[in-house]
Amino acid sequence: MDVFFQILASGLTLGAVYAISTVGLALVFGAMNMLNMSHGALMALGGYMAWFTMTGLGLPPVAGMLVAVLVCAGVGVMIYLLIAGPMLHSEGFETRVFIATIGFGAMLESVILMAFGPQPKPQPLAVQGGLSVAEVHLPVQNLLILVLAMMLMAALALLLQKSRIGRAIRATAQNRDAARLMGVRVGMVYALVLAISGGLAAVSGITVSSLSSLLPNMGGDPMLKAFIICVVAGLGRVPGSVIAALFIGLFEAVVQYTVGVRFSFASLLLLVIVVLIWKPQGVFGRHQGVRL
Amino acid sequence: MTAMRRDLLLCGLFACAALVWPMISDMRYSVTQTTFFFIWATVVVQWNLVFGIGGIFSLAQVAIFAIGAYVTAMLGYYLGTSMLLAMPAGAVAAVAASLILGIACLRLYGPYVALLTICVSQVLYVLIVNDTDCFTNPPSGCMPLMGGVRGFSRFGDLGFRDWLGAGFYIGNYYVGLLLLTAAILFSIVIIHSPMGLAFRALRDNPVYAAARGVDRFRYQLWIFGLSAFFTGLSGAFYAVNTGVVGPVVFSFQHLLFLLSMIVIGGVGTVWGPVIGAAVLMLADEAMRELGDFRDIGMGLLLVACVVLMPRGLTGLFQDISRRLAKPAGTEGAR
Amino acid sequence: MSDDLVISDLAAGYGHQSVLHDLTLRAEAGRLTAIIGPNGHGKTTLLRAISGLIAARTGEIRLGAERISGLPAEAVVARGIVHVPQGDLLFPDMTVLENLRMGAFLPAAARQERTVLEEVYTLLPKLRDRENQIARTLSGGERRMVGIGRGLMASGRVLMLDEPSLGLAPIVIEQIYEVIAGLRRAGRSILLVEENAMRAAAIADQVHLLDHGTLAWSGTGAELSGRPELLETYLGV
């Protein structure tokens, strides 16, 4: 029974970490059919920015979080202005933006490597200590991540469902031309979506590095997992990807406990393949009518 | 002159020029680097068939290349198979892997294919790197089944060392040239063949093509399998040529480097990938001195090319030559 | 006069293909102007060019004194030209109410959202019943009503309707046209694209016939009814 709760707790924490990194990707794909392959580098950037603000400048944790989010949001806007925006209306946008963001991510990673070096660093934005409830040991950090993820998801849902700008984002995602006819400036929406996604990447980078450590290429694996989750949920389904993230987190915790850490990634992949054969558009996806 | 004849002629000219290159250049470095160019160009020429002609946004080509390399190295290492046998075996294994992958992902929608294939190659990488169980215990230390982080070395070569002595690299050079020439010929034939036509039809008017009985899945599977042969073979040759096969061939940087070649050269053309491979290897060479700035430079180059040259260098050449061919003043007319 | 929509020497198209050329016409304020013509001869392209979804190659579009050609779609709607596109283009995963509220997205329209919403519900009472239904689950006629309602929510100066009867059952078409007739009586400026010439003639103050992307004939609705040979030549009726 203790084992069950232990797996549940670590699975939910994993799921919460994944959810934060996944919704950003899902949001961008949903709004503009763009797979942002530099998301992993943005996560690393966020983690390092928090480190730099706290350890380098000696500022408090709140400032660390804030600087990380703002810098990554700014880089998100930059990605729109320099990469996605100029090619938005041209042929083959989906593949070209995919490739261009791979290049941008590689650049960003190299910059981080040059600036901060290849040695792993501890994430200062972390809380030590643990909580023991009925023989189940829970690090406080994990609880914090869970709460943080829930708050972020709630805030994002509120923004998308209730605010004017959120409705503009959803409208643009559902029908770009119609949104323009309503007076929505889609360029602004895209820049904003990339900024939100960048900010979420920063938080996600901080949480990921607080569980392990800071490395310039630390975003690679979480990004691939986030993509796996996106695929399982159906690309661009934001609420679905949160559910899928929690499910994948639990799945991974179970696999790690029963089969071993080494096979967790491979088993995730197996899961994706099974899902895609069963439902080629993802679990929450809908078949998109192909325009001919 | 038909387009196919022109391309075949160009291919012949290229092969002749490359034949004399080791005789002119007495620098060993430039010859061995050109051999690497042959390998990478072979991979991207075949990748281009899948991506540019077949319209399958697959990122598994690097994994297929690596499978060719690993199977060759493992056959040589564990069974002592002659490289002349191990290389085609590697290529066949690559084809088999590619077909399985193709059946799994070809019915998916574009971006899903990219994500699935990239995940497959990354998982292979992770599985190899994280494997620490010893499969054999040679004097050099524990050896996992797939070589682990270290990879394989000393699994044999093509015998040029015994035959040519210190000049063995020239033997490898000509094998590489043969490989690339065959790959380009194959690409030319595919692009100008009924299959190439079918793919163009599928791209330009899917409904009509489907109505005329063009089965997309079948054609895509064919091109997936066929291109894997040369990709696997180039992986096998890479193993023989370098003498070392490690997980680095699966790495993301490697994938990025090769993908950049196609994109910068021009997707979907016969010569774009070859030109792209040459340009990127030269750029890589030029930036070698830059140290850490090299990776940044490569990333920047890729981003700038994708954003500014949608059809790559070959597209740019076409636009420029068209503009030059046209008398001034008619530019605005279309 | 000040709110007339004036199109002069317009040329527009997609990619290398040119659809409209040398098109000059006027839609007077407070009246219903209908554009008729065979399929594929530029009626929809004209509306898309006016609303800024595609760029005008040459020529000019003005609303009153203001030049609107060259503006992007989001700026054109801010000037008061509201385009209800063909096939509705609803936001499929939003509710009917959310779709309607998107119509009043711009600040000027958002300020009077409540009153206009009441007006729309009065005009299209069915929408009130369907308020919380997801748009993708609506029937074709209901969708069309949401599309028109969403256009009305913008409180624009000119309402452009692209084939509001397309693909609907005859009885639903009657309902839709009653709504349009009501809007006309209320003195709205309407630019209506209609495939069915006789229906357009019955409701329009002014009719323009487009053929091969240019103006072939102009007249009142009554005049069109008296010219059967026109319909035969251009529309094969």
Side-chain angles (χ1 to χ4, degrees), chain A residues 29 33-35 37-38 40 82-87 90-92 94-111 113-114 217 220-221 224-225 227-228 230-231 234-236 261-270 272-273 276-277 280-282 285 287-288 290 292, chain B residues 51 55 57 59 101 103-105 107-116 118-120 122-127 129-133 205-208 210 251-253 255-257 259-260 262-264 267-268 291-308 310-311:
Chain A
F29 188 85
N33 266 20
M34 164 175 168
L35 287 173
M37 294 299 288
S38 57
L82 297 180
I83 298 174
M87 59 171 85
S90 59
E91 218 176 302
E94 277 179 37
T95 40
R96 284 175 57 214
V97 83
F98 185 92
I99 295 166
T101 50
I102 290 182
F104 183 77
M107 248 166 75
L108 194 55
E109 234 178 78
S110 318
V111 171
L113 182 70
M114 275 176 69
N217 63 356
D221 270 14
L224 280 179
K225 281 181 186 162
F227 274 126
I228 288 181
C230 279
V231 168
L235 281 170
V261 177
R262 184 142 69 85
F263 295 102
S264 71
F265 207 155
S267 60
L268 279 187
L269 188 81
L270 212 63
V272 179
I273 292 173
L276 284 180
I277 289 169
Q281 305 283 327
H287 182 73
Q288 289 175 318
V290 182
L292 297 171
Chain B
F51 175 28
F57 192 19
L59 299 175
L101 198 60
I103 290 168
C105 74
R107 292 196 190 275
L108 300 175
Y109 160 64
Y112 286 92
V113 175
L115 292 179
L116 191 62
I118 205 171
C119 286
V120 167
Q122 285 309 296
V123 165
L124 285 175
Y125 174 77
V126 171
L127 280 181
V129 170
N130 288 348
D131 189 7
T132 47
D133 299 342
N205 195 341
V207 179
Y208 181 72
S251 73
F252 204 74
Q253 281 74 18
L255 186 145
L256 182 64
F257 186 55
L259 187 60
S260 306
I262 304 184
V263 172
I264 290 171
V267 176
D292 288 340
F293 284 102
R294 176 179 161 273
D295 287 342
I296 300 179
M298 294 301 270
L300 193 65
L301 195 64
L302 179 62
V303 174
C305 284
V306 176
V307 175
L308 301 176
R311 294 189 300 132

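Chain letters run A, B, ... following the sequence lines, proteins first and then strands; every chain starts at 1. If you're wondering where the values come from, they're calculated on a predicted model, not measured in any experiment.
Residue B:Val306 touches chain A through both its backbone and its side chain, counting heavy-atom pairs closer than 4.5 Å. Of the atoms belonging to A:Leu82, it is backbone heavy atoms, and not side-chain ones, that fall under 4.5 Å from chain B. Contact annotation for B:Leu59: only side-chain heavy atoms (C-beta onward) come within less than 4.5 Å of a heavy atom of chain A. Neither the backbone nor the side chain of B:Val267 comes within contact range of chain A; no heavy atoms are under 4.5 Å apart. For chain A, the nearby part of B:Val263 is the side chain; its heavy atoms alone come within less than 4.5 Å.
Among A:Val231, A:Leu269, A:Leu268, the one residue that satisfies the side-chain contact (heavy atoms from CB on, under 4.5 Å) test with B:Cys119 is A:Leu269.
Remark: B:Arg311 pairs with B:Asp319 by the salt bridge (Lys or Arg N to Asp or Glu O under 4.0 Å) rule, at least two apart or across chains.
When every heavy atom of B:Ala114 is checked against every heavy atom of A:Phe98, the shortest pair comes out as CB-CZ, 4.0 Å. The two residues B:Val307 and A:Pro86 have their closest heavy-atom pair at CG1-CB, 4.0 Å. Shown here for B:Leu256 and A:Ala106, the closest heavy-atom pair between the two residues is CD2-CB, 3.4 Å.
Contact of the B:Ile118 side chain with the A:Phe227 side chain is not registered, since no non-hydrogen atoms from C-beta on lie closer than 4.5 Å. By the 4.5 Å heavy-atom criterion applied to side chains, B:Pro310 and A:Arg96 are counted as neighbours.
Note that CG of A:Leu35 and CG of B:Leu115 are 5.0 Å apart. Values are rounded to the nearest 0.5 Å. One finds the CD1 atom of A:Ile102 at 6.5 Å from the CG atom of B:Leu255 (value rounded to the nearest 0.5 Å).
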Solution key, residues 293-304 of chain B side-chain donor-acceptor pairs under 3.5 Å, sequence neighbours excluded:
from     : atom 1 : to       : atom 2 : distance (Å)
B:Arg294 : NE     : B:Asp284 : OD1    : 2.4
B:Arg294 : NH2    : B:Asp284 : OD1    : 2.6
B:Arg294 : NH2    : B:Asp284 : OD2    : 3.4

